[in-house]
Amino acid sequence: MAPLSVERLMDRFYPVGPDGRRFRDGTYPFYDWILANVGTQANVLNVGAGPTPVEAERRLRGKFGKLVGVDPDPVVHDNADLDESYVNDGTRLPFLD
């Protein structure tokens, strides 16, 4: 198998969008995916939740059974989008399962 060129890798992982720019932010595709594929009764963990999202597309409150966030910054406690929040580095989560 021939090695992929940098250009082919860029095209594969960062395709050029309709506006002519390469897409580099996976945030919106992730939120589109989670809304389309995770059930409304699911408990969702947002690692790196941070502060309350400004963009409406990133607001998930009320769309799942429970939305829990962890973040190393105490600002996570002010995130109005979360049902529960924890200050945590995301490596040893404070949950049983």
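- Within 6.0 Å of the CD atom in E7, the count of heavy atoms belonging to other residues, nucleotides or ligands does not exceed 12.
- With hydrogens and angles ignored, the 3.5 Å screen pairs a side-chain donor or acceptor of R59 with a backbone N or O of P53.
- The side-chain contact (heavy atoms from CB on, under 4.5 Å) test with Y86 is passed by exactly one of D71, V68, V76: V68.
- To the nearest 0.5 Å, atoms CG (L45) and CG (L82) are separated by 9.5 Å.
- Here the straight-line distance linking atom CG of N46 with atom CG of D81 works out to 8.5 Å at 0.5 Å rounding.
- Checking each of I34, T40, L35 against K63 for a side-chain contact (heavy atoms from CB on, under 4.5 Å) leaves exactly one that passes, namely L35.
- Distance check: Y31 OH to R58 CZ gives 4.5 Å after rounding to the nearest 0.5 Å.
- Hydrophobic clustering places L60 together with F30 (ILVMFWY residues linked when any side-chain heavy atoms are closer than 4.5 Å, directly or through intermediates).
- At least one donor-acceptor pair closer than 3.5 Å links the side chain of N88 to the backbone N or O of R92.
- Between the side chain of D89 and the main chain of P72, no donor-acceptor pair closer than 3.5 Å is present.
- Closest approach of H77 and V87 over heavy atoms only: NE2-CG2, 3.3 Å.
- Across every non-hydrogen atom of G69 and A49, the tightest pair is CA-CB, 3.8 Å.
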**Report entry** Criterion side chain to side chain contact (heavy atoms under 4.5 Å, CB included) on W33 and V38, from CA distance to verdict
**Finding:** CA-CA 8 Å; W33 180 89; V38 176; 4.1 Å; yes
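- One finds the CG atom of L67 at 9.5 Å from the CG atom of N43 (value rounded to the nearest 0.5 Å).
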